[in-house]
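What follows is a single structure, written as structure tokens, with notes after it.
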There are 2 protein chains.
Amino acid sequence: MFILKWLELRLIIFNHAFEMYVGAIALIFTALGIWLALKLTKPKVQIQVVEQIVERVYQEENAEEFRVNEQALQELGLSKRELEVLQLMATGLSNQEIAAKLFVSLNTIKTHTSKVFEKLDAKRRTQAIEKAKRLHLIP
Amino acid sequence: MFILKWLELRLIIFNHAFEMYVGAIALIFTALGIWLALKLTKPKVQIQVVEQIVERVYQEENAEEFRVNEQALQELGLSKRELEVLQLMATGLSNQEIAAKLFVSLNTIKTHTSKVFEKLDAKRRTQAIEKAKRLHLIP
DNA sequence: TTTTCACTCATACTTTTGGGTGATTTTATC
DNA sequence: GATAAAATCACCCAAAAGTATGAGTGAAAA
């Protein structure tokens, strides 16, 4: 049966030799057309701007020098001493440790912190630190 | 002469009818191939990357999405909940407020904070926050 | 000269934070 | 199903933080 079918196919090809020829031509030239199109078209150049953030390693953050926001400082009316206490507070020191560092009494530091909280509208030191960082009063 | 030439051309066409036919087929299918190729292939795009260094102003710092330092997190053995408490702590919330926010008791938050301090080797919340920022555990 | 203000300090009191300990329940993992 | 880690909660105690109030001093501004 397979052979018979094969012979039948051969017969069809033979009887339709012209159509087969034209078909082959059509196929070949379609392929040629496709090839031509792919080869000869210019690639469309598309400029794509890629914002590339400069690689920043953790440690480099500190390399970037810090400038206090003088304006915010003025507006809040924070004194030099108060800012100093605020900065030390942000480093994680206790009131006692700050007092020792600045050679003043614990009560003095408490007064300063109280004023800082008042001016920054904060209830706690952690909140004060957070707000101060936002306002770029401390690094 | 023009008419004679024209008659001559007609004769050529007539005598070579088969070749003309095949040529026409070839032309048509070449065009088809070209059309197919152009229509069905993605436009070739040549991407030209233009590096643009992004200037960073104060406010933009927050725009830069923050990635936690997973490695440090692992090394310290901070749990998910502990990190969560740490983050809220850094926003300036009190233990009571954190407890309310997470729908747990104050005592639970205290245990979490204690563990955080232990793992971060901190004595106070302010110190813990400072260290966590350094290690890029919190923004 | 007076006034203002930053800085200092103190006392008394309340609230929050943090340490220590122990226990139960969930959740994930083998 | 056993085990371990995480999460939950409680109680007690001490330390630190924060509030309120008052007051003294010195320097600069009005």
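Proteins get letters first, then strands, A, B, ... in listed order; numbering begins at 1 in each.
- Remark: B/K101 pairs with no residue by the salt bridge (charged side-chain N to carboxylate O under 4.0 Å, His left out) rule, at least two apart or across chains.
- Within residues 110-119 of chain A, the residues that have a heavy atom under 4.0 Å from DNA chain D are, in order of number, A/K110, A/S114, A/F117.
- Taking atom CZ of residue A/R125 and atom C1' of nucleotide D/dG18, one finds them 9 Å apart after rounding to whole Å.
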Just the table, please: protein N/O against nucleotides 24-30 of chain C N/O, every pair under 3.5 Å.
none

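- With A/K133 contributing its side chain and A/I138 its backbone, the two residues share no donor-acceptor pair below 3.5 Å.
- For DNA chain C, the residues of residues 77-108 of chain B within the heavy-atom distance limit of 4.0 Å (strictly under) are B/S94, B/N95, sorted by number.
- In terms of modelled atom types and a separation under 3.5 Å, the side chain of B/N95 and the main chain of B/L106 share no donor-acceptor contact.
- Of the possible polar contacts, one joining the A/Q127 side chain to the A/K123 backbone as a donor-acceptor pair under 3.5 Å is found.
- For B/L102, the side chain to side chain contact (heavy atoms under 4.5 Å, CB included) partners at least two apart in sequence or on another chain are B/R81, B/E84, B/V85, B/L88, B/I98, B/V104, B/I109.
- In terms of hydrophobic clustering, with Ile, Leu, Val, Met, Phe, Trp and Tyr side chains grouped at heavy-atom distances under 4.5 Å, B/M89 and A/I129 are assigned to different clusters.
- Between atom NZ of residue B/K119 and atom CG of residue B/L76 there is a gap of 8.5 Å, rounded to the nearest 0.5 Å.
- Between its two ends, the helix from C/dT1-D/dA30 to C/dC30-D/dG1 turns its axis by 60°, counting five pairs per end and rounding to 10 degrees.
- With sequence neighbours excluded, no residue forms a side-chain hydrogen bond (donor to acceptor under 3.5 Å, both in side chains) with B/T91.
- Contact check, B/R124 against D/dA16: no side-chain N or O comes under 4.0 Å of OP1 or OP2.
- Counting heavy atoms from C-beta outward, A/L135 and A/L120 have side chains that approach closer than 4.5 Å.
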Footprint string (nucleotides 25-30 of chain D, 5' to 3'): B base within contact, S backbone only, - free, heavy atoms under 4.0 Å = ------
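- Not counting sequence neighbours, A/T111 has no partner by the side-chain hydrogen bond (donor to acceptor under 3.5 Å, both in side chains) test.
- A salt bridge links B/R124 with A/E97: the closest approach of a Lys/Arg side-chain nitrogen to an acidic carboxylate oxygen falls below 4.0 angstrom.
- The side-chain hydrogen bond (donor to acceptor under 3.5 Å, both in side chains) search around B/T113 returns none, not counting sequence neighbours.
- Residues forming a side-chain hydrogen bond (donor to acceptor under 3.5 Å, both in side chains) with B/Q71 (at least two apart in sequence, or on another chain): B/E75.
- Residues satisfying the side chain to side chain contact (heavy atoms under 4.5 Å, CB included) criterion with A/K115, sequence neighbours excluded, are A/E82.
- A/K131 contributes a side-chain N or O that, together with a main-chain N or O of A/D121, makes up a donor-acceptor pair within less than 3.5 Å.
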